[in-house]
Amino acid sequence: MAFSSRPVRLWLLPNAVLLAGLATWGILRYPHLPDRIPKHIGVDGVDAWTDRSIGSAFVLVFVYAGVTMLMAGCAELTLRVIPRDELPNADAAPFAAAQATSSLLNRPGSRASARRAARALLLFNTCIGISFLAGCGMLWRSTPDPNVPTWLFAAMVLPLLVGSAVTIAAAVSDRKR
């Protein structure tokens, strides 16, 4: 059975827009960045600095591009797996019993649950991008200020928690069916 993942690929659109927005914002901000930019943020604020370079200024953009490719690949592979409800009957064909019992634990129950899981992964990726958006706001400040706003931690962690919860909920709902 041929299966088109085109509707799920539309869920990549927010990720592509977010990635393009981050890259554009970074390109516009780069000439105005100070010579030293934050390298690490600890509990007391910025505790390590690095010289401004393309690699150091765009590290979050590069990481988000890599995570987006990884999540898109995982979503696509999730859609290509034969779901449990489409596996052949163990008595119908040779080797069908082996195929039916191999990796049933991580196999989606149906095409609908595979689509839900793929969408959840891509939504989680969008949440990662929103988290990185807050990090880029801190990284691309015009002044080398070691103080970090108190809201930054929540702005970076909250989208990750929401994305994790949605992804876990999609996986658990498939297990219950």
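Computation of the quantities below employed the complete heavy-atom set of this structure, encompassing side-chain atoms and omitting hydrogens, waters and symmetry-equivalent molecules.
- The side-chain heavy atoms of I37 and S56, taken from C-beta on, include a pair separated by under 4.5 Å.
- Each side-chain hydrogen bond (donor to acceptor under 3.5 Å, both in side chains) pair with one or both residues in residues 121-141, not counting sequence neighbours, appears once here: N15-N125, N15-T126, T68-N125.
- Applying the salt bridge (Lys or Arg N to Asp or Glu O under 4.0 Å) rule to R36 yields the partners D51; only residues at least two apart in sequence or on another chain are considered.
- Open room surrounds CZ on F153; 12 or fewer heavy atoms of other groups in view lie less than 6.0 Å from it.
- Here the side chain of R115 pairs no donor or acceptor atom with the backbone of S110 at under 3.5 angstrom.
- When all heavy atoms of A72 and L12 are compared, the pair lying nearest together is CB-CD2, 3.8 Å.
- In this structure, W25 and L133 have side chains that are in contact, with non-hydrogen atoms separated by less than 4.5 Å.
- Counting heavy atoms from C-beta on, the side chains of F58 and S53 never come closer than 4.5 Å.
- In this structure the side chain of K39 never reaches within 4.5 angstrom of the side chain of W49, judged on heavy atoms.
- Looking at S142 and R29, their side chains do bring a donor and an acceptor atom within 3.5 Å of each other.
- Both Y30 and L19 are part of a single hydrophobic cluster, where members link through side-chain heavy atoms under 4.5 Å apart.
- Under the 30°/60° scheme for interplanar angles, the aromatic rings of F132 and Y64 are found to stand perpendicular.
- Counting heavy atoms from C-beta on, the side chains of M71 and I128 come closer than 4.5 Å.
- Residues in residues 156-171 take part in no side-chain hydrogen bond (donor to acceptor under 3.5 Å, both in side chains) pair, two or more places apart or across chains.
- Residue L121 forms a side-chain contact (heavy atoms from CB on, under 4.5 Å) with just one option from V166, L77, T78, and that option is T78.
- Linking Ile, Leu, Val, Met, Phe, Trp and Tyr whenever their side-chain heavy atoms come within less than 4.5 Å leaves V61 and V17 in two separate clusters.
- At distances below 3.5 Å, not a single donor-acceptor pair connects side-chain atoms of R52 with backbone N or O atoms of A57.
- Using a 4.5 Å cut-off between side-chain heavy atoms of Ile, Leu, Val, Met, Phe, Trp and Tyr, with links allowed through other members, L22 and L33 fall into the same hydrophobic cluster.
- Under the 4.5 Å side-chain criterion, counting only non-hydrogen atoms from C-beta, V46 is not in contact with H40.
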